[in-house]
S.K.: 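Structure provided below as structure tokens; questions to follow.
Proteins get letters first, then strands, A, B, ... in listed order; numbering begins at 1 in each.
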Amino acid sequence: MPELPEVETTRRGLAPHLLGANIVSFAIRNDRLRWPIPGDMPLRGQTIQSLERRAKYLLLKCDAGTLILHLGMSGSLRILPLDVPAEKHDHFDLLLDNGKMMRLRDPRRFGAVLWHEGDIESHPLLSRLGPEPLESFDADHLYRTVKSRNVAIKQLIMDSQVVVGVGNIYASEALFLAGIRPQRRNLGLAGCARLAESIKTTLKAAIDAGGSTLRDFVNASGNPGYFQQQHWVYGRSGEPCMRCGTPIRQIRQGQRSSFYCPNCQK
DNA sequence: CTAATTCCCTGGAAGC
DNA sequence: TGCTTCCAGGGAATTA
């Protein structure tokens, strides 16, 4: 699943192929993603100025506006030669003047391709987002939020208004590293500090792991460079904790699975 | 306002 | 073997 590290890895993989390129045209094969892909985006002739990431959104900034991309649950972006035939779930292509194209594949169609002109931070999807976890996010901010809300800590750190980019997998992993149970509601400043640090550590480690697979990014037959992460607790229900051997527990929180070690996490 | 729930979608695994 | 059922998840939209 593309979480923040996968999106960042994708951004780094795409950037050298996209920056400075001119958009010749685009193709929409199936516009039914999270929202319909606008058919009238004025992309033709635009030069790609930068490729940034905000939360899990990729922002492809052009002369006249920004192409907003989201990978949803199953989306991937690849750079391919122009003549590679599209397969079943290849919904959107961006054709460039350098002989390459960027292709979006998204079987479950939870992703998005949108166009926005003007200040990108004011876009409705971006304007209410909380801090980036690897930038301005810290213990004080988390502690203040914990005190002002009455929800389980796991759901809090997955709330994009609190901090962006923490998906279901890394939420469980970060809570394990911090020694905090996912259902906890009261958390002191020290606990918040451990958790904020664990979130940063977890995401950074995953981004670093992704870097080693970047060489596979441009590959017509291979995968787009996502990577298998070694998980402490996620998906390991009933298996022994790698720290203490206690069986990992699985619970439901807000229709999502959470995993934790009942001995290591209090 | 906050918190909880529903919904979009397909592929893969499990069950019969 | 082939069907049916369940589950996964981002996050906006909806409901309580």
S.K.: Between A/Trp232 and A/Phe176, what is the ring plane arrangement, given parallel below 30°, perpendicular above 60°, and tilted in between?
M.R.: parallel
S.K.: Send over the distance from A/Glu3 CD to C/dG11 P, rounded to a whole Å.
M.R.: 9 Å
S.K.: Within this structure, what is the CZ-to-P distance between A/Arg256 and C/dG10, rounded to whole angstrom?
M.R.: 6 Å
S.K.: Compare all side-chain heavy atoms of A/Leu134 with those of A/Ile207 and state whether any distance is below 4.5 angstrom.
M.R.: yes
S.K.: I need the CG-P distance between A/Asn150 and B/dA3, as an integer number of Å.
M.R.: 6 Å
S.K.: Do you reckon A/Ile120 sits in the same ILVMFWY cluster as A/Ile23, going by side-chain contacts under 4.5 Å, direct or chained?
M.R.: no
S.K.: In whole angstroms, how far is the C1' atom of C/dC7 from the CG atom of A/Asn168?
M.R.: 12 Å
S.K.: So do the side chains of A/Cys261 and A/Cys244 get within less than 4.5 Å of each other, counting heavy atoms only?
M.R.: yes
S.K.: Tell me, do A/His231 and A/Glu173 make a side-chain contact under 4.5 Å, heavy atoms counted?
M.R.: yes
S.K.: Without decimals, in angstroms, what is the distance between A/Leu71 CG and C/dG11 C1'?
M.R.: 14 Å
S.K.: Whole angstroms only, please: what is the CD-P distance between A/Gln183 and B/dA3?
M.R.: 17 Å
S.K.: Take atom CG of A/Asn30 and atom P of B/dC8, then tell me their distance rounded to the nearest Å.
M.R.: 16 Å
S.K.: Pairing donors with acceptors under 3.5 angstrom, does anything connect the side chains of A/Asn22 and A/Gln46?
M.R.: no
S.K.: Quick one: does A/Leu58's side chain get under 4.5 Å of A/Leu67's, heavy atoms only?
M.R.: no
S.K.: It should be established whether A/Lys88 places a side-chain nitrogen or oxygen under 4.0 Å from OP1 or OP2 of nucleotide B/dG11.
M.R.: yes
S.K.: Any side-chain donor paired with an acceptor under 3.5 Å for A/Thr66 and A/Lys61?
M.R.: no
S.K.: For A/His89 and B/dT10, is the shortest distance between a side-chain N/O and OP1 or OP2 below 4.0 Å?
M.R.: no
S.K.: Pull out every protein N or O sitting under 3.5 Å from an N or O of nucleotides 12-14 of chain B, one pair per line with the distance.
M.R.:
none

S.K.: Kindly indicate whether the side chain of A/Ser257, heavy atoms from C-beta on, has any atom under 4.5 Å from the side chain of A/Arg252.
M.R.: yes
S.K.: DNA chain B: A/Ser148 or A/Gln255, which has the more 5' nearest nucleotide?
M.R.: A/Ser148
S.K.: Assign A/Asp106 to base, sugar-phosphate, or nothing according to its heavy-atom contacts below 4.0 angstrom with the strands shown.
M.R.: nothing
S.K.: Can you pull every protein N or O that's under 3.5 Å from an N or O on nucleotides 12-16 of chain C?
M.R.:
residue, atom, partner, partner atom, Å
C/dA12, OP1, A/Tyr57, OH, 3.2
C/dA12, O4', A/Arg34, NH2, 2.6

S.K.: What nucleotide, of B/dT10, C/dG10, B/dA3, holds the atom closest to the side chain of A/Met158?
M.R.: C/dG10
S.K.: Hey, does A/Gly167 reach any base, or is it just sugar-phosphate, or nothing, if we go heavy atoms under 4.0 Å?
M.R.: sugar-phosphate
S.K.: Within a strict 4.5 Å, meaning less than it, do heavy atoms of the A/Met158 and A/Asn168 side chains meet?
M.R.: yes
S.K.: Quick check for you: among B/dC7, B/dG11, B/dT2, whose closest atom lies nearest to any side-chain atom of A/Pro107?
M.R.: B/dG11
S.K.: Without decimals, in angstroms, what is the distance between A/Phe110 CZ and B/dC8 P?
M.R.: 9 Å
S.K.: How sharply is the helix from B/dT2-C/dA16 to B/dC16-C/dG2 bent, taking the axes over five pairs at either end and rounding to 10 degrees?
M.R.: 50°
S.K.: Are any non-hydrogen side-chain atoms of A/Lys100 and A/Pro81 less than 4.5 angstrom apart?
M.R.: no
S.K.: What's the closest nucleotide to the A/Arg149 side chain, out of C/dG10, B/dA3, B/dC9?
M.R.: B/dA3
S.K.: Contact between A/Leu60 and A/Leu14 at the side-chain level, heavy atoms closer than 4.5 Å - yes or no?
M.R.: no
S.K.: Out of the candidates A/Lys56, A/Arg54, A/Lys200, only one should pair with A/Glu132 under the salt bridge (Lys or Arg N to Asp or Glu O under 4.0 Å) rule; please name it.
M.R.: A/Arg54
S.K.: Tell me whether the OP1 or OP2 atom of C/dG10 has a side-chain N or O from A/Gln155 closer than 4.0 Å.
M.R.: no
S.K.: Using a 4.0 Å heavy-atom cut-off across all strands, classify A/Arg32 as base, sugar-phosphate, or nothing.
M.R.: sugar-phosphate
